[in-house]
4 protein chains.
Amino acid sequence: MQPKISAVGRKRNPFIEAARRVQIIKAATETVAEVGYAQASLARIAQHAGISKSVISYHFAGKDDLLEQVVTQIFDDGWALIEPRLASARTETERLHVHMEVELDYWGANRTRYLAMASIVDGHRTSDGKPRFAQKWEETVTVLQDLLSKGQENGEFRDFDPRVVAVTVRQGIEGALDQWARNPDLDLKAYTAELITLFDLAIRK
Amino acid sequence: MQPKISAVGRKRNPFIEAARRVQIIKAATETVAEVGYAQASLARIAQHAGISKSVISYHFAGKDDLLEQVVTQIFDDGWALIEPRLASARTETERLHVHMEVELDYWGANRTRYLAMASIVDGHRTSDGKPRFAQKWEETVTVLQDLLSKGQENGEFRDFDPRVVAVTVRQGIEGALDQWARNPDLDLKAYTAELITLFDLAIRK
Amino acid sequence: MQPKISAVGRKRNPFIEAARRVQIIKAATETVAEVGYAQASLARIAQHAGISKSVISYHFAGKDDLLEQVVTQIFDDGWALIEPRLASARTETERLHVHMEVELDYWGANRTRYLAMASIVDGHRTSDGKPRFAQKWEETVTVLQDLLSKGQENGEFRDFDPRVVAVTVRQGIEGALDQWARNPDLDLKAYTAELITLFDLAIRK
Amino acid sequence: MQPKISAVGRKRNPFIEAARRVQIIKAATETVAEVGYAQASLARIAQHAGISKSVISYHFAGKDDLLEQVVTQIFDDGWALIEPRLASARTETERLHVHMEVELDYWGANRTRYLAMASIVDGHRTSDGKPRFAQKWEETVTVLQDLLSKGQENGEFRDFDPRVVAVTVRQGIEGALDQWARNPDLDLKAYTAELITLFDLAIRK
DNA sequence: CATGAATGAGGGTTCATTCAT
DNA sequence: GATGAATGAACCCTCATTCAT
């Protein structure tokens, strides 16, 4: 009998266990980034990791579980980076700048993760055909939306639909990353500066 | 003699032939929109169309061919709508407005097509793992970029990196559509107006 | 209602009918010669003939019928050539020479037919897995066997098992043809002469 | 990690692995012998072996790989039997006798293998339509040809084209086997004796 | 006479998963 | 802890054949 339930309640050596899981998640991330979600079979992931297919089945409840871990890990790591830096900002304008900068920093330093995340979020569905990770995306928009609303109350920003702007900022960031993902030579710092200016002008009072 | 070659030199009855192709393309579009690229098998598409799997193979050279037709048709129809209306605009500012409005009109009237297009463009790869339709997306950005550059030369727009803004506009439009795709009750007209204002402020001199 | 029963009892224009049948049989022969029995599908044959697949179904009861016609035609033509020349020989020795010469002449002038015949005879089976054309091959051996037996009674040949020698002559001829089929530059005349000498020495009194 | 590569570096349990491979190769051999190359699908082979289709795919890289193993194994085993006995012969005449005897012994004791080999060698082609195993056949002829040439230099044999005789001997052996394959009651020993006499007379000085 | 259109069966192959060891 | 072995379902595609026109 094996402990198929992921993440918690594991029995034996938690170090080996964790190491293997990390290794597999890394391999899955890289494989998805390379060939895309639809082509990323367990066989390919296992091959990339240099392990047997059934090792994956041993450590994860299934393909769904594995992908969920991949996405969760990517988002958690990102969030851990963003959150403290957001907290230190004093105005909402500043907070918006920080948000864009740090997010572009994070993904910019993790190209593979960005590609994998994007591909999985787009491609992965539940058995009834609905997107499984749409909510992850939604959460990031909500954070921005709240920030923008607060800025309007503060009088930092003009009057606009905070949801529209939040979505557009989010998409603007993804646009930057898409460009850079296709062309790694692109100067992401400069792009970020342009983007910040763009939105500053668009929402200032 | 099979009609596998999809472009020209058709011998067969062009009415029945065309009707079937249209039917299959429609079924493929709807299936992909519903369950996503990765889950859209020929079997599912055929089932959706109420026909036998092999009918698809008869009318298309293969799955790749079918999907290419789907994407091509979606883009061609869209472009046929956008182009004439762009031509009638007199300033680049106006042209940018028209671009956003008409594109959101087109996709807004073709929700299924939007979902299918997005899923295929993201998911479909060549056998060596590279995206097959990235170039389609690239083209739409180029049009915007040219428009913005011309506006800068005209003195209509301030100084900015036209590529950054073009990408961000493109992404802004997709953001609107994503929102609306998830929530059909969303007021796309109002969203469009907000978006136009946003970019007007961001790029005006 | 179509006249699917082949060869006889056909209704309308027998000239067009016959011409089409000849064309199809030719295409089938060439296709099998080129790619081998196992790879010679009706689709490929039709493509080679530049006609629609269903034309074949119209003129022949099925794939089996077509292949049977191919083999029959090849053997009948060959036999029509061999028989009269055999009749004019006076001794069995001479008859054996003539047999080898004329058979190598016939196949030598019809490389495609030889390849097709060999491939079909080897590959074609009835639905229960038994060879369908083994009997054709058997017949040619029987002719040789009778010839050899008569020669023994005449006192032209030494004492041997006529079946063994008949089979070996037959195989010797096929060996010559196989060699030549692979290497069309081979001097078939010279090969024939060597072969005749070989069997002369082997069976003379 | 799948074991698709068939040759070396096997990690897996070599006993189970080897046993399965042997079992599948045997089933493939028997199936081809029974129904012919063109009708020997993986489904039929699997059914014959009493296993699932995908087990074959697990142990072999594909149908081509499996058939290659079948042919290789058949030829290797045969050659292992022939070679040492050829070495012990002192004259070329004797060597020719041994060759015919031992080959007819080998195949005579392996009727199924003979049928399978013949069918695969005839039917199996590369994707461009060329025979894949013609070279195996060629090799056996070359051995005979060398033997005959040496016998001519020795003064054991008369002057003749060694290639013609080599091919004819090869074909003579196959003729014997074909006869016997169709009629297992045939006295192969007696047939062999007749064949040896035939060629002795044909090539002696 | 001829053929486009359609079909179900079956082709080889890959899939995620299970299980005994 | 780990994995070779195995499986049935599903993949896309080609097959020989039928039928309405």
Side-chain angles (χ1 to χ4, degrees), chain A residues 1-4 10-13 16-17 19-20 39 41-46 51-64 66, chain B residues 1-4 10-17 19-20 39 41-46 51-64 66, chain C residues 1-4 10-13 16-17 20 39 41-46 51-64 66, chain D residues 1-4 10-17 19-20 39-46 51-64 66:
Chain A
M1 215 51 42
Q2 284 142 2
K4 283 292 172 61
R10 205 146 279 274
K11 288 169 184 168
R12 314 289 192 89
N13 186 329
I16 293 178
E17 168 64 17
R20 262 283 195 251
Q39 285 77 31
S41 66
L42 289 187
R44 243 206 255 238
I45 294 169
I51 58 174
S52 166
K53 251 193 319 180
S54 44
V55 180
I56 299 177
S57 296
Y58 179 75
H59 288 281
F60 297 88
K63 199 186 184 185
D64 284 11
L66 171 57
Chain B
M1 191 71 82
Q2 249 74 331
K4 286 294 174 58
R10 195 58 35 90
K11 270 186 193 172
R12 58 247 311 265
N13 183 328
F15 298 105
I16 295 178
E17 164 62 11
R20 259 287 192 255
Q39 285 78 29
S41 68
L42 287 189
R44 239 204 257 241
I45 294 170
I51 57 176
S52 166
K53 239 191 331 176
S54 45
V55 179
I56 299 178
S57 292
Y58 178 72
H59 289 280
F60 297 88
K63 199 186 184 185
D64 281 13
L66 171 56
Chain C
M1 213 50 42
Q2 285 144 1
K4 283 293 174 59
R10 204 147 279 275
K11 287 173 184 165
R12 316 286 191 91
N13 187 330
I16 293 178
E17 167 64 16
R20 262 282 194 252
Q39 285 77 32
S41 67
L42 288 188
R44 241 206 256 241
I45 293 169
I51 58 174
S52 166
K53 251 193 319 179
S54 44
V55 180
I56 298 177
S57 296
Y58 179 74
H59 289 282
F60 297 88
K63 199 187 185 186
D64 283 11
L66 170 57
Chain D
M1 191 70 86
Q2 250 71 336
K4 286 294 173 58
R10 195 57 37 91
K11 269 186 192 171
R12 58 247 310 263
N13 182 328
F15 298 106
I16 295 178
E17 164 64 11
R20 261 285 193 255
Q39 286 76 31
S41 67
L42 288 187
R44 239 205 258 242
I45 294 169
I51 58 176
S52 165
K53 241 194 328 176
S54 46
V55 179
I56 298 177
S57 292
Y58 178 72
H59 289 279
F60 296 88
K63 200 187 183 186
D64 281 14
L66 170 57

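Chain identifiers are assigned alphabetically (A, B, ...) following the order of the sequence lines, protein sequences preceding nucleic acid strands; residue numbering begins at 1 within each chain.
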Annotated structure of DNA chain E as dot-bracket, pair cut-off 3.5 Å, Watson-Crick or G-U only, | for inter-strand, is .||||||||||||||||||||

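For C/Ile45 and F/dT17, the CD1 to C1' distance is 14 Å, given to the nearest whole Å. Protein atom CZ of B/Phe60 is 14 Å distant from nucleotide atom C1' of E/dA5, rounded to whole Å. If you measure from atom CD1 of D/Ile56 to atom P of F/dA5, you get 16 Å, rounded to the nearest angstrom.
Sorted by first and then second residue, the salt bridge (Lys or Arg N to Asp or Glu O under 4.0 Å) pairs involving residues 53-62 of chain D (not counting sequence neighbours) form an empty list.
Among residues two or more places apart in sequence or in another chain, the side-chain hydrogen bond (donor to acceptor under 3.5 Å, both in side chains) test is passed with D/Ser52 by D/Ser54. With sequence neighbours left out, the side-chain hydrogen bond (donor to acceptor under 3.5 Å, both in side chains) criterion links C/Arg44 to no other residue.
Here CG of D/Leu42 is found 5.0 Å from CD1 of D/Ile56. Values are rounded to the nearest 0.5 Å. Rounding to the nearest 0.5 angstrom, the gap separating the CZ atom in B/Arg20 from the OH atom in B/Tyr58 is 11.0 Å.
For E/dG4, the OP1/OP2 oxygens have no side-chain nitrogen or oxygen of B/His59 closer than 4.0 Å.
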Protein heavy-atom contacts under 4.0 Å, written 5' to 3' over nucleotides 7-12 of chain E as B (base), S (sugar-phosphate only) or - (none), form the string BB-BSB

